[in-house]
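Ligands are counted one by one from 1 in listed order, and the atoms in each one are counted from 1 as well.
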Amino acid sequence: MQTSLIILKPDAIQRGLAGQILQRFERKGLRIAAAKLMLVPREQAEKHYAEHHGKPFYDGLINFVTSSPVMVLAIQGLEAITVCRTLIGATNGRKADPGTIRGDFGMSGGFNLVHGSDSEASAERELALWFTDNELTDTPRTIEQWVYDPSDL
Ligand code: DAT
Ligand code: MG
């Protein structure tokens with residue numbers, strides 16, 4: 001099992017797309033392990049996007065993600081990190097495949113609706129940055145037995 005750190009960015013919340021985007025993860029069979037709505041402190045955004053510090057889009061990115069509330073989620077499932085990235089699609093909404101979140105809802109490279117961890121190392125770092133241990137739930141869902149073939153597990 002993996003857990004991915006997902007952020008529904010300010011454009012997703014402002015456009016009223018949080019429910020539809022969250023449904024993409026839910027209907028896939030992934031479990032919501034944690035969720036919260038928050039206005040992101042600048043320092044938190046800078047830590048989250050530290051790898052992009054110094055890039056031309058960095059200042060705009062930090063301004064954007066701190067401009068209005070976001071919904072932060074921990075999304076869990078088998079190979080959840082890759083599965084979430086596939087659901088999210090390519091960075092630029094104009095280039096993202098139809099059927100992906102960015103491909104279906106977005107027209108921008110910067111305002112691209114959703115963040116998803118890109119590796120196990122990133123997920124571990126990001127989950128620790130956004131959630132405390134006691135915010136991450138682990139209550140099993142009875143439906144799991146109909147999501148996964150027992151030979152998967
Ligand atoms: P992703 O979110 O697909 O992992 P990334 O890690 O390369 O993309 O970049 C982080 C965010 O920075 C991205 O979601 C939106 C913004 N960004 C990246 N490249 C950009 C660009 N060329 N112009 C504007 N914003 C960009
Ligand atoms: Mg990234």
Side-chain angles (χ1 to χ4, degrees), residues 1-133 135-138 147-148 152:
M1 281 287 163
Q2 289 182 339
T3 308
S4 181
L5 189 281
I6 301 291
I7 302 174
L8 309 190
K9 299 184 186 182
D11 53 336
I13 308 302
Q14 286 283 348
R15 290 175 59 194
L17 295 172
Q20 289 188 67
I21 294 173
L22 186 52
Q23 187 186 43
R24 301 286 178 117
F25 296 102
E26 283 194 291
R27 73 183 190 184
K28 180 70 176 163
L30 295 159
R31 187 179 78 85
I32 304 167
K36 61 182 162 192
L37 192 74
M38 62 185 286
L39 188 58
V40 182
R42 196 166 188 89
E43 193 187 355
Q44 173 88 352
E46 287 170 351
K47 281 185 190 161
H48 177 77
Y49 282 121
E51 66 173 306
H52 297 299
H53 187 89
K55 293 184 185 171
F57 59 82
Y58 177 79
D59 288 346
L61 175 62
I62 299 299
N63 288 338
F64 166 58
V65 83
T66 58
S67 64
S68 182
V70 302
M71 185 176 289
V72 192
L73 301 152
I75 298 286
Q76 193 171 66
L78 214 58
E79 296 175 45
I81 294 164
T82 313
V83 170
C84 287
R85 291 284 292 189
T86 304
L87 289 176
I88 291 167
T91 303
N92 188 317
R94 295 192 298 280
K95 300 196 174 88
D97 289 336
T100 65
I101 295 165
R102 288 168 173 167
D104 285 352
F105 296 116
M107 281 293 287
S108 168
F111 287 19
N112 61 4
L113 300 154
V114 54
H115 166 84
S117 306
D118 65 7
S119 65
E120 284 191 67
S122 299
E124 196 176 326
R125 184 185 76 83
E126 293 170 1
L127 287 165
L129 185 59
W130 291 95
F131 290 110
T132 58
D133 283 347
E135 287 177 316
L136 293 164
T137 69
D138 55 10
V147 175
Y148 298 107
D152 280 341

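Taking the ring centroids of F64 and F111, they lie under the 6.0 Å cut-off. Residues Y58 and H53 bring their aromatic ring centres within 6.0 Å.
Minimum interatomic distance between L73 and A35 (heavy atoms only, all atoms of both residues): CD2-CB, 3.5 Å. Nearest heavy atom pair, residue Y148 against residue L78, reads OH-N, 2.9 Å.
The shell of residues lying under 4.0 angstrom from ligand 1, judged by heavy atoms, includes L61.
Nearest protein heavy-atom neighbour of atom 14 (O) of ligand 1: N112 ND2, 2.8 Å.
The T91 neighbourhood of ligand 1 comprises atoms 1 (P), 3 (O), 8 (O), 13 (C), with distances under 4.0 Å to a heavy atom of that residue.
In this structure, R15 CZ and K9 NZ are separated by 13.0 Å, a value rounded to the nearest 0.5 Å.
Evaluated by nearest non-hydrogen atom to atom 5 (P) of ligand 1, the leading choice among K55, E51, R85, H52 is H52. Nearest-residue assignment for atom 2 (O) of ligand 1 (options R102, H48, H115; heavy-atom criterion): R102. Counting heavy atoms only, F57 comes closest to atom 12 (O) of ligand 1 of the residues F57, Y49, F111.
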